[in-house]
Every structure is written in structure tokens, then in C-alpha cells.
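Reviewing the structure listed below.
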Amino acid sequence: MQQQMNSTMTQDRSLIGDKELHYIKDYLSWELLAVKKCEDAANRMECQQLSQMVRDIGKKHQNHYNTILNQLK
């Protein structure tokens, strides 16, 4: 019985259930929101050094988004 369960789990690893898909969509949405908020905050800052730091943080969120998206392809 255990062997049959393990075999089924291994075969189904490539499938993403509705719940997991919803979590992934939420995560991607949060990452894009973080990118937009960082860009907006950076544009409002007068201190160029802080502005650049916030832009760098936004780039990290963009990279996270792209990495997850590429893994799903």
C-alpha cells in the first residue's frame, strides 16, 4: 500500500492542484505589487542614495517574480 502511494505521489509531482496554483498566483501578485511600490517610493524620495537602495530592493522582487515564472514554464 505504501509503495503504491509513493508511486502515485511521484507520478503526480508535475501536476499543480487548484490550491497550489492559487498560492502561486497570489505570490506572483505580491511580488509585482512589491516592485510597483518600490518604484513609486523610490520616485518620491529626495535622497538619491535611499532611492537607489529601494530600487535595488524592487529589482530583487522582480528577479523573484521572473525566477518563479521561469520555473513554471
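The shown structure was predicted, so the numbers you read here are calculated from the model rather than taken from an experiment. Any value given below was found using the heavy atoms of this structure, including those in side chains, with hydrogens, waters and symmetry copies removed.
Placement of L32 and L21 within a single hydrophobic cluster is found when ILVMFWY residues are connected by side-chain heavy-atom separations under 4.5 Å, directly or transitively. Put simply, I57 and L50 are part of two different groups of oily side chains (I, L, V, M, F, W, Y) that touch within less than 4.5 Å, one to the next. In terms of hydrophobic clustering, with Ile, Leu, Val, Met, Phe, Trp and Tyr side chains grouped at heavy-atom distances under 4.5 Å, Y65 and I24 are assigned to a common cluster.
If you take OG on S51 and CG on D56, they are separated by 9.5 Å, rounding to the nearest 0.5 Å. Atom SG of C38 sits about 11.5 Å away from atom NZ of K59, to the nearest 0.5 Å. The OG1 atom of T67 sits 10.0 Å away from the CD atom of Q62 when rounded to the nearest 0.5 Å. Atom CG of L28 is separated from atom CG of L33 by 12.5 Å, given to the nearest 0.5 angstrom.
Residue pairs meeting the salt bridge (charged side-chain N to carboxylate O under 4.0 Å, His left out) criterion with at least one partner in residues 20-39, sequence neighbours excluded, are E39-R55. Among pairs with a residue in residues 61-73, none fulfils salt bridge (charged side-chain N to carboxylate O under 4.0 Å, His left out), at least two apart in sequence or across chains.
No more than 12 heavy atoms of other residues, nucleotides or ligands sit less than 6.0 Å from atom CG of D18. Sparse packing is recorded around CE of M53, with 12 or fewer heavy atoms of other residues, nucleotides or ligands lying under 6.0 Å away.
Partners of D40 by salt bridge (charged side-chain N to carboxylate O under 4.0 Å, His left out), not counting sequence neighbours, listed by chain and number: R44.
Here the closest heavy-atom approach between residue A41 and residue V54 is recorded as CB-CG1, 4.2 Å.
In this structure, the side chains of I68 and Y27 come closer than 4.5 Å at one or more pairs of heavy atoms.
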